[in-house]
Amino acid sequence: MPEGLEAEIWRTSLEVTVGRTVVDAWVDDRVVPPDFVDRITGHRIDSVRRVGKVVLIDTVDGPTIGLHFGMTGRVIVDGIAPIDRLQYASARDEPEWDRLRLFASRRAASPALVGPPAIRLNDPRRLGHVSLDADLSALGVDMMAVTSGRLRAAIGRRQPAIKTLLLDQSAVAGLGNMCADEVLWWAGIDPHRAAATLTDDEVRRLASAIRRRLPIMLRRGGSHTGVLEPDVRAACPPCERDGVPLRRDVIGGRTAVWCPEHQR
DNA sequence: CGGCATGTTTCGCC
DNA sequence: AGGCGAAACATGCC
């Protein structure tokens, strides 16, 4: 999926739908609960939230819709895609990739007045899904609420590589593969390091990198706007900090890009 | 054509 | 029991 930053961008763009009433929905029932249309039709959108990488749409006296994006899911609001192209997904907008279409109106249900969908979830690979009243209690501290203390608590005595821990949504919710590499680069920590071996100072640096860099990447448009942007990840040029060639290693089944000179 | 991809879940093996 | 890695999922792109 898109990472938490993309979810946050979509959450913001979905705010224009607050106050509208869902008058109809179309679903791909392979990734949407079978009773979705019945349960959601007629309910007014109350608020839009983000938890980790999940966008939540609360309805008045109805269920909370959860949008889970998988690797290639994206949101289109009133025909506008806030993120036109995901790095590793298609630039095309194929209606057949729609998994959810929500039709909404500012009045109570009157299908005759309904135009194009207010909200579309478009996902070529179909690794995403839609939930109703999902249980998100297993998620760890949200990426935007990380502090050194909370990060230290999330690490505990856990021995997996720190890169793996940052991707574990039950430890820290919202970081994905690109942001995890990015904050480790800024913190100067080798992604292979066993999480529990990080010193207090290293945990502080990591928490600080998360707090400082995420808002910057959010402003720039998402997870792909860091030092380790996609071109850099693919080519592994010299590190912009110290000139030593970047390296690629598979850690926890995911490609990690890092600098062997300043990340220790 | 082969390999890889901003992710999550499941399965089998220590 | 618990942790870890590989595989599976599904499809487009380079």
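In what follows, chains carry the letters A, B, and so on, assigned in the order in which the sequence lines appear, proteins first and then strands, with residues in each chain numbered from 1.
Residues forming a salt bridge (Lys or Arg N to Asp or Glu O under 4.0 Å) with A/R241 (at least two apart in sequence, or on another chain): none. Scanning for side-chain contact (heavy atoms from CB on, under 4.5 Å) contacts around A/R101 gives A/W26, A/P95, A/D98, A/F103, A/P117, A/R120, with sequence neighbours left out. Partners of A/E240 by salt bridge (Lys or Arg N to Asp or Glu O under 4.0 Å), not counting sequence neighbours: none found. Applying the salt bridge (Lys or Arg N to Asp or Glu O under 4.0 Å) test to A/R205 and every residue at least two apart in sequence or in another chain returns A/D201. Take A/R99 and apply the salt bridge (Lys or Arg N to Asp or Glu O under 4.0 Å) test, not counting sequence neighbours, and it matches A/D28. With sequence neighbours excluded, the residues satisfying side-chain contact (heavy atoms from CB on, under 4.5 Å) with A/R220 are A/R213, A/I216, A/T225. Every residue two or more places apart in sequence or in another chain that forms a ring pair (Phe, Tyr, Trp, His ring centres under 6.0 Å) with A/H129 is listed here: A/H68.
Of all nucleotides listed (B/dT8, B/dT6, B/dA5), B/dA5 comes nearest to the side chain of A/T255. Minimum atom distance to the side chain of A/M178 is reached by B/dT6, of the listed B/dT6, B/dT8, B/dA5. In the set C/dG12, B/dT6, B/dT8, B/dT6 carries the atom at the smallest distance from any side-chain atom of A/H224.
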Under 3.5 Å, side-chain donor or acceptor atoms of residues 189-199 of chain A against the rest of the protein: list the pairs with distances, not counting sequence neighbours.
from: A/D190; atom 1: OD1; to: A/H192; atom 2: N; distance (Å): 2.8
from: A/D190; atom 1: OD1; to: A/H192; atom 2: ND1; distance (Å): 2.7
from: A/R193; atom 1: NE; to: A/T197; atom 2: OG1; distance (Å): 3.4
from: A/R193; atom 1: NH1; to: A/E202; atom 2: OE2; distance (Å): 3.1
from: A/R193; atom 1: NH1; to: A/R264; atom 2: O; distance (Å): 3.1
from: A/R193; atom 1: NH2; to: A/T197; atom 2: O; distance (Å): 3.1
from: A/R193; atom 1: NH2; to: A/E202; atom 2: OE1; distance (Å): 2.8
from: A/T197; atom 1: OG1; to: A/A194; atom 2: O; distance (Å): 2.6
from: A/T199; atom 1: OG1; to: A/E202; atom 2: N; distance (Å): 3.1
from: A/T199; atom 1: OG1; to: A/E202; atom 2: OE1; distance (Å): 3.4

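Annotated stems with DNA chain B as a participant read B:2-5 with C:11-14, B:7-14 with C:2-9, given as range with range, by first number; only runs of 3 or more Watson-Crick or G-U pairs under 3.5 Å qualify.
Atom CG in A/L167 sits about 17 Å away from atom C1' in C/dG3, given to the nearest Å. The nearest whole Å value for the distance from the CZ atom in A/R248 to the C1' atom in B/dT6 is 14 Å. Distance, A/D168 CG to C/dG3 C1': 11 Å, rounded to whole Å. Atom CD1 of A/I251 is separated from atom P of C/dG3 by 20 Å (rounded to the nearest Å). C/dC13 atom C1' lies 14 Å from atom CD of A/E94, rounded to whole Å. Taking atom CZ of A/R254 as the reference point, atom P of B/dC4 lies 14 Å away to the nearest angstrom. Distance CG (A/D93) to P (C/dC13): 12 Å, rounded to an integer number of Å. If you measure from atom CD of A/E229 to atom P of B/dA5, you get 16 Å, rounded to the nearest angstrom.
Remark: side-chain polar atoms of A/Q169 are not paired, donor with acceptor, to backbone N or O of A/G52 under 3.5 angstrom. A side-chain donor-acceptor contact under 3.5 Å links A/R248 to the backbone of A/R233.
Comparing the P positions of B/dC11 and C/dA10 gives an interatomic distance of 14 Å, to the nearest angstrom. Atom name P, nucleotides B/dC4 and C/dA6: the rounded distance is 14 Å, in whole Å.
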Expected rows: protein N/O vs nucleotides 9-11 of chain C N/O, under 3.5 Å:
from: C/dA10; atom 1: O4'; to: A/R125; atom 2: O; distance (Å): 3.3
from: C/dA10; atom 1: N1; to: A/R125; atom 2: NE; distance (Å): 3.3
from: C/dA10; atom 1: N1; to: A/R125; atom 2: NH2; distance (Å): 2.6
from: C/dA10; atom 1: N3; to: A/R125; atom 2: NE; distance (Å): 2.9
from: C/dT11; atom 1: OP1; to: A/R126; atom 2: NH2; distance (Å): 2.6

What N/O pairs connect the protein and nucleotides 4-6 of chain C at under 3.5 Å? Give each pair on its own line.
from: C/dC4; atom 1: OP1; to: A/P160; atom 2: N; distance (Å): 3.3

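For A/K53 and B/dT6, the shortest distance from a side-chain N or O to OP1 or OP2 is not below 4.0 Å.
Counting only N and O atoms by type, the side chains of A/T64 and A/D58 include a donor and acceptor under 3.5 Å apart.
Within the hydrophobic cluster formed by Ile, Leu, Val, Met, Phe, Trp and Tyr side chains joined at under 4.5 Å, directly or through other members, A/W185 is accompanied by A/W186, A/V227, A/L228, A/V232, A/L246, A/V257.
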